[in-house]
Trainee: 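Let me give you the structure first, and then I'll get to my questions.
Each residue takes its place number in the sequence, starting with 1.
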Amino acid sequence: MKRILISVLTPFAKIWTCLVTHRWNRIWWLALLQAQTQHPVDASNIVLGAIEIHGTGNIRFGKNAFIYTGCYLETQGTGEIVMGDDIVLSRGVHIVA
């Protein structure tokens, strides 16, 4: 019985993961990024996981950014990080201002 249920539910699990889980996770990570920065973050940006934000949070993002998990962004004092439109921040990117 268990084997039959798994075979029936597996396609639904894949659809659920693609349509619901991944989208909600992206919204969650975008909301966390917004909470850690001093400036609005456009909803067109896609955040795929946790980003380390340290310091003052004086960071500006343009539109249509694609941000992978594992990025490190830090601002201290009057330092500011400004990113334009259509950028990609890959895992391991480390920017300090």
Trainee: Please enumerate all residues that pass ring-ring contact (aromatic ring centres under 6.0 Å, His included) together with H54, with sequence neighbours excluded.
Mentor: Y72

Trainee: Can you measure from OG1 (T10) to CG (L5) and round to the nearest 0.5 angstrom?
Mentor: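 Rounded to the nearest 0.5 Å, the OG1-CG separation comes out at 10.0 Å.
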
Trainee: Could you list the residues that satisfy side-chain hydrogen bond (donor to acceptor under 3.5 Å, both in side chains) with T37, not counting sequence neighbours?
Mentor: none

Trainee: Output every pair passing side chain to side chain donor-acceptor pair (under 3.5 Å) with a member in residues 83-97, not counting sequence neighbours, ordered by first then second residue.
Mentor: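 Listed once each, the pairs are N64-D86.
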
Trainee: More than 12 foreign heavy atoms under 6.0 Å from CD1 of I4: is that the case here?
Mentor: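 No, not enclosed.
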
Trainee: May I have the step-by-step check of side chain to side chain contact (heavy atoms under 4.5 Å, CB included) for L32 and V47, ending in yes or no?
Mentor: CA-CA 10 Å; L32 285 177; V47 183; over 6 Å; no

Trainee: Within the 4.5 Å heavy-atom criterion, are Q36 and L73 side-chain neighbours or not?
Mentor: no

Trainee: According to salt bridge (Lys or Arg N to Asp or Glu O under 4.0 Å), who are the partners of E52, at least two apart in sequence or on a separate chain?
Mentor: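 Counting only residues at least two positions away or on another chain, E52 forms no salt bridge (Lys or Arg N to Asp or Glu O under 4.0 Å).
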
Trainee: When you measure from the side chain of E74 to the backbone of G55, do you find a donor-acceptor pair of N or O atoms at a distance under 3.5 Å?
Mentor: no

Trainee: Quick check on the hydrophobic clustering: are I81 and F61 connected, directly or via other members, by side-chain heavy-atom contacts under 4.5 Å?
Mentor: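 Linked, I81 and F61 end up in one cluster.
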
Trainee: Quick one: does I95's side chain get under 4.5 Å of M83's, heavy atoms only?
Mentor: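 In short, these two side chains touch, coming nearer than 4.5 Å.
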
Trainee: With distance as the sole test, does T75 use its side chain to make a donor-acceptor pair with the main-chain N or O of A97 at under 3.5 Å?
Mentor: no

Trainee: Are L48 and R26 close enough, and set up right, to give a side chain to side chain contact (heavy atoms under 4.5 Å, CB included), and what steps lead you there?
Mentor: CA-CA 6 Å; L48 296 177; R26 288 179 181 181; 3.4 Å; yes

Trainee: Would you say that L33 contacts I67 through its side chain, given a criterion of any heavy-atom pair below 4.5 Å between the two side chains?
Mentor: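 Sidechains of I67 and L33: in contact.
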
Trainee: Could you give all pairs that pass the salt bridge (charged side-chain N to carboxylate O under 4.0 Å, His left out) test and reach residues 56-71, with sequence neighbours left out?
Mentor: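 Passing the test, one end in residues 56-71: R60-E80.
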
Trainee: Sort and list the pairs that fulfil ring-ring contact (aromatic ring centres under 6.0 Å, His included) and have at least one residue in residues 11-46, not counting sequence neighbours.
Mentor: none

Trainee: Would you give the length of the straight line joining atom CD1 of I53 to atom CG of N58, rounded to the nearest 0.5 angstrom?
Mentor: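 Separation between the atoms: 11.0 Å.
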
Trainee: Just how far is it from atom CD1 of I87 to atom CG of N45, taken to the nearest 0.5 Å?
Mentor: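 Here the rounded value is 7.5 Å.
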
